[in-house]
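Take a look at the structure set out below.
Model, not experiment: these values are computed from the prediction.
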Amino acid sequence: MTGIAVTALAAPAPEEQAAPEPSVLMGHGADYLPSITADDWVTYADHVIVVEAVSEETIAPGAEELERGEGIIGRTVSLNVEDVLWSREGAPVAAPATWSFNALGWHFTDGDTEGAVEMALYGFPRVEVGHQYVMAIRWEAAVCDEDGEYTPAQWHGLGEGSEIPFDGGVLGNGESEGAVEDAAAFAAAAEDLPDQGVEELLAGEGADAIVAALESAVPDAAAQAEASEFSLMHSCV
């Protein structure tokens with residue numbers, strides 16, 4: 001994901017009243033790669049996995065943020081990979097057994113780190129402990145840019161459509177955007193979305209439906225080659 005624009009979920013208040021504090025601070029994020037349809041998944045992902053979030057650690061804000069009194073408290077979530085639903089033939093790295101996932105944490109203002117507000121992205125789960133998710137993931141080699149900056153090799157999700165709540169083995173059931181809902185509510189909210197993909201079409205279904213959709217999907221060979229070429233151009237290897 002690149003760039004996060006943040007907006008508060010708070011209703012407008014009359015001028016004489018203070019606006020209520022938002023329960024979750026929502027933001028917009030850019031997808032890493034196309035992620036909506038099953039064709040997207042089999043084109044760009046190396047694996048489609050079921051994970052459970054088992055623990056989390058906070059990342060303290062930097063000294064500059066603390067001095068300013070406003071900033072981000074980060075979070076990493078430990079994921080256990082419960083099942084591998086699909087793997088791309090020729091995937092460069094086997095699916096992981098665990099994954100230290102970089103997730104959104106909290107936003108604080110006025111120096112009040114104790115009263116920090118949860119952050120989430122529209123269309124994405126926060127990825128919270130105790131919940132399960134289906135994720136389409138891709139391995140990216142280490143990157144060295146022209147300025148000498150180094151990014152280690154790591155797993156990436158594809159984007160909004162490839163991180164889906166999956167509590168109880170039901171697609172759309174569980175946590176998304178920091179709230180917990182059932183698959184029926186998830187499906188109803190998705191009915192009017194213009195881009196109907198895996199999460200919208202298969203809400204309420206289980207792992208077998210996901211596997212069937214992936215096995216019948218058709219990868220875009222030209223897009224695959226372009227993505228691989230781009231990765232090689234920026235790789236340190």
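- Once rounded to the nearest 0.5 Å, the distance linking CG of L121 with NE2 of H28 reads 9.0 Å.
- Residues D40 and P34 come closest through the heavy atom pair CB-O, 3.5 Å.
- Every pair passing salt bridge (Lys or Arg N to Asp or Glu O under 4.0 Å) that includes a residue from residues 74-91 is listed here, sequence neighbours excluded: D46-R88, E56-R75.
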Could you walk me through whether V24 and M119 satisfy the side chain to side chain contact (heavy atoms under 4.5 Å, CB included) test, starting with their C-alpha distance in whole Å, then the side-chain angles of each, then the deciding distance to 0.1 Å, before giving a yes or no?
CA-CA 6 Å; V24 179; M119 297 180 66; over 6 Å; no

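- For the pair E65 (side chain) and I72 (backbone), a donor-acceptor distance under 3.5 Å is present.
- The list of salt bridge (Lys or Arg N to Asp or Glu O under 4.0 Å) pairs with a residue in residues 90-106, not counting sequence neighbours, is empty.
- For E128, the side chain to side chain donor-acceptor pair (under 3.5 Å) partners are R126, not counting sequence neighbours.
- In this structure, CH2 in W86 is found 13.0 Å from CD1 in I210, a value given to the nearest 0.5 Å.
- Not counting sequence neighbours, F108 has no partner by the ring pair (Phe, Tyr, Trp, His ring centres under 6.0 Å) test.
- Among residues at least two apart or in separate chains, there is no salt bridge (Lys or Arg N to Asp or Glu O under 4.0 Å) pair with a member in residues 91-113.
- Y122 and V127 are not part of a single hydrophobic cluster, where members link through side-chain heavy atoms under 4.5 Å apart.
- Distance CG/L158 to CD/E163: 8.5 Å, rounded to 0.5 Å.
- Annotation: ring pair (Phe, Tyr, Trp, His ring centres under 6.0 Å) contacts of H107 (sequence neighbours excluded): none.
- Of the possible polar contacts, none joining the S228 side chain to the A225 backbone as a donor-acceptor pair under 3.5 Å is found.
- Under the 4.5 Å side-chain heavy-atom criterion for grouping Ile, Leu, Val, Met, Phe, Trp and Tyr, V50 is not connected to V170 through any hydrophobic cluster.
- Side-chain heavy-atom separations under 4.5 angstrom define the hydrophobic clusters, and V54 shares its cluster with no other residue.
- Side-chain atoms of E177 come within 3.5 Å of backbone atoms of G123 as a donor-acceptor pair (strictly under, hydrogens ignored).
- Between W41 and L214, some side-chain heavy-atom pair lies under the 4.5 Å cut-off.
- Placement of W155 and L79 within a single hydrophobic cluster is found when ILVMFWY residues are connected by side-chain heavy-atom separations under 4.5 Å, directly or transitively.
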Show your working on side chain to side chain contact (heavy atoms under 4.5 Å, CB included) between L171 and V134 and close with a plain yes or no.
CA-CA 8 Å; L171 205 67; V134 168; 4.1 Å; yes

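- Listed by chain and residue number, S55 satisfy the side chain to side chain donor-acceptor pair (under 3.5 Å) test with S78 (two or more places apart in sequence, or in another chain).
- Here the straight-line distance linking atom CD of Q196 with atom OG1 of T37 works out to 12.0 Å at 0.5 Å rounding.
- Sequence neighbours left out, the pairs with a member in residues 131-144 that pass side chain to side chain donor-acceptor pair (under 3.5 Å) are Y32-E140, H131-D167, Y133-E175, R138-E140, E140-S231.
- By the rule that hydrophobic residues join a cluster once side-chain heavy atoms approach within less than 4.5 Å of another member, I164 and L85 end up as members of one cluster.
- Hydrophobic cluster membership for I59: none, as no Ile, Leu, Val, Met, Phe, Trp or Tyr side chain comes under 4.5 Å of it.
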Apply side chain to side chain contact (heavy atoms under 4.5 Å, CB included) to residues T58 and T76 and explain how you reach the verdict.
CA-CA 7 Å; T58 59; T76 58; over 6 Å; no

Taking distance alone, no hydrogens or angles, what donor-acceptor pairs closer than 3.5 Å link side-chain atoms of residues 197-208 to residues at least two apart or in another chain?
unit_1	atom_1	unit_2	atom_2	d
E200	OE1	G197	N	2.6

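- For the atom pair OG (S35) and CG (L33), the distance works out to 8.5 Å, reported to the nearest 0.5 Å.
- Among all heavy-atom pairs drawn from W106 and A116, the shortest one is CB-CB, 3.6 Å.
- Of all the heavy atoms in T43 and A223, the pair that sits closest is CG2-CB, 4.0 Å.
- Pairing each heavy atom of P61 with each of I73, the nearest pair is CD-CG1, 3.9 Å.
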CA sep, side-chain torsions, deciding dist, call: L104, F124, side chain to side chain contact (heavy atoms under 4.5 Å, CB included):
CA-CA 10 Å; L104 285 182; F124 288 81; over 6 Å; no

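- By the neighbour-count criterion of 12 heavy atoms within 6.0 Å, atom CD of E67 is sparsely surrounded, having that number or fewer from other residues, nucleotides or ligands.
- Smallest separation of non-hydrogen atoms from P96 and V81: O-CG2, 3.1 Å.
- Atom OG1 of T113 sits about 7.0 Å away from atom CG of L66, to the nearest 0.5 Å.
- The hydrophobic cluster containing V211 also contains V48, counting ILVMFWY residues as joined when their side-chain heavy atoms lie under 4.5 angstrom apart, directly or transitively.
- More than 12 heavy atoms of other residues, nucleotides or ligands sit less than 6.0 Å from atom CD of Q154.
- Annotation: side chain to side chain donor-acceptor pair (under 3.5 Å) contacts of N173 (sequence neighbours excluded): none.
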